Amino acid sequence: MRVLICYATTEGQTRKVAEFVADLLKEAGHEPALFDATVADEVEPGRFEAAILTGSVHIGRYQSALVHRIHQWRDALNAMPSAFISVSMAAASDDPHARAEVDELCQKMLQAAGWTPTMTLHAAGAIRFSQYDFFKRLAMRLIARQMGRDDDPHVDHEYTDWDSVRRFVESFLASLRGSRASD
Ligand SMILES: Cc1cc2nc3c(=O)[nH]c(=O)nc-3n(C[C@H](O)[C@H](O)[C@H](O)COP(=O)(O)O)c2cc1C
């Protein structure tokens, strides 16, 4: 099955998630095509049989390139099995309010864009202090503290639970098999 995978990333973690998803699809015998949302003008989503989009949250927003693609591809996305993976630090939080907040902003973005993915996952991202400038470092330390974390600012931290991403992709693939069987 030809599967469109499109990601937006600011510091690279969501690209890593998208590449991981592409590898899983390949292992399962599918044909994933991976695109960066900022350079996906030539993509014709209607040529694919399923789609997985992913982007990350920065100061309460997803990357505008991702939001733009969702608006642009909405009809095609709604016409096929599709999934959205939201990457954030809130997803790594023990605080249910932080998790509810990121879910709300995710649902609002999807609703405003008019896309109803078949499945959605909140995946924990990473804190890459080594890549941040002074302001990002400050912002991230504040955000991390609001979420009850006090991570060592001298090292990078990856919170992505790769097993949960794998399980999500496996259930998405199982739902595709189910929908094909009932066609
Ligand atoms: C400046 C900055 C702002 C962020 N704002 C939020 C936020 O509002 N909510 C949240 O849950 N995570 C926030 N994060 C965490 C990112 O979502 C997380 O680092 C993610 O892994 C980034 O993905 P990327 O590397 O693909 O850009 C922020 C990170 C940075 C650096």
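Computed from a prediction, not measured in an experiment: that's the story for all the values here. In what follows, every heavy atom counts, from backbone to side chain, and hydrogens, waters and symmetry copies are set aside. Read the numbers this way: they start at 1 and go in the same order the structure lists the ligands and their atoms. Count residues from 1 along the sequence.
- The closest side-chain donor-acceptor pair between His97 and Asp95, if any, does not fall under 3.5 angstrom.
- When non-hydrogen atoms are compared, ligand 1 lies under 4.0 Å from neither the backbone nor the side chain of Val17.
- Short contacts between ligand 1 and Ile143, defined as distances under 4.0 Å to a heavy atom of the residue, involve ligand atoms 3 (C), 4 (C), 5 (N), 6 (C).
- Taking atom 2 (C) of ligand 1 as the reference point, the nearest protein heavy-atom neighbour is His58 CD2, 3.7 Å.
- When only non-hydrogen protein atoms are considered, atom 12 (N) of ligand 1 lies nearest to Met89 N, 3.3 Å.
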Between Thr160 and Gln13, is a side-chain hydrogen bond (donor to acceptor under 3.5 Å, both in side chains) present by the stated rule, with each step listed?
CA-CA 9 Å; Thr160 311; Gln13 189 65 13; 2.8 Å; yes

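- Between the side chains of Thr10 and Gln63, a donor-acceptor pair is found at a separation under 3.5 Å.
- Against a heavy-atom cut-off of under 4.0 Å, Gly60 is close to the following atoms of ligand 1: 7 (C), 8 (O).
- When heavy-atom distances to ligand 1 are checked against a 4.0 Å cut-off, Gln13 comes that close through both its backbone and its side chain.
- With ligand atoms numbered from 1 in the order given, ligand 1 contributes 10 (C), 11 (O) to contacts under 4.0 Å with heavy atoms of Ala90.
- For Thr14 (side chain) and Thr9 (main-chain N/O), no donor-acceptor pair under 3.5 Å exists by modelled atom type.
- When each of Arg137, Arg128, Lys136 is paired with Glu11, the salt bridge (Lys or Arg N to Asp or Glu O under 4.0 Å) condition holds for Lys136 and for no other.
- Among protein heavy atoms, atom 21 (O) of ligand 1 sits closest to Ala126 N, 2.8 Å.
- Atom 9 (N) of ligand 1 has as its closest protein heavy atom Val57 CG1, 3.6 Å.
- For ligand 1, the atoms sitting less than 4.0 Å from at least one non-hydrogen atom of Thr10 are 24 (P), 26 (O), 27 (O), numbered in the order shown with element in parentheses.
- Of all protein heavy atoms, the one closest to atom 5 (N) of ligand 1 is Ile59 N, 2.8 Å.
- Contact atoms of ligand 1 toward Gly125: 21 (O) (distance under 4.0 Å to a heavy atom of the residue).
- Remark: distances from the non-hydrogen atoms of Val87 to ligand 1 include one below 4.0 Å.
- The only option from Leu34, Val43, Ile52 that meets the side chain to side chain contact (heavy atoms under 4.5 Å, CB included) definition with Leu4 turns out to be Val43.
- Between Asp23 and Arg166 there is no salt bridge, since no side-chain nitrogen of the basic residue lies less than 4.0 Å from a carboxylate oxygen of the acidic one.
- Using a 4.0 Å cut-off between heavy atoms, Ser56 contacts ligand 1 through its side chain alone, with no backbone atom that close.
- The Gly12 neighbourhood of ligand 1 comprises atoms 24 (P), 25 (O), 26 (O), with distances under 4.0 Å to a heavy atom of that residue.
- Near Thr9, the atoms of ligand 1 lying under 4.0 angstrom from a non-hydrogen atom of the residue are 24 (P), 25 (O), 26 (O), 27 (O).
- Side-chain polar atoms of Asp36 and Thr38 form a donor-acceptor pair below 3.5 angstrom.
- One finds no salt bridge joining Lys26 and Glu31 here, because no Lys/Arg side-chain nitrogen approaches an Asp/Glu carboxylate oxygen to under 4.0 Å.
- Between Phe172 and Phe168, the ring planes are parallel. Angles under 30° get that label, and only those over 60° would be called perpendicular.
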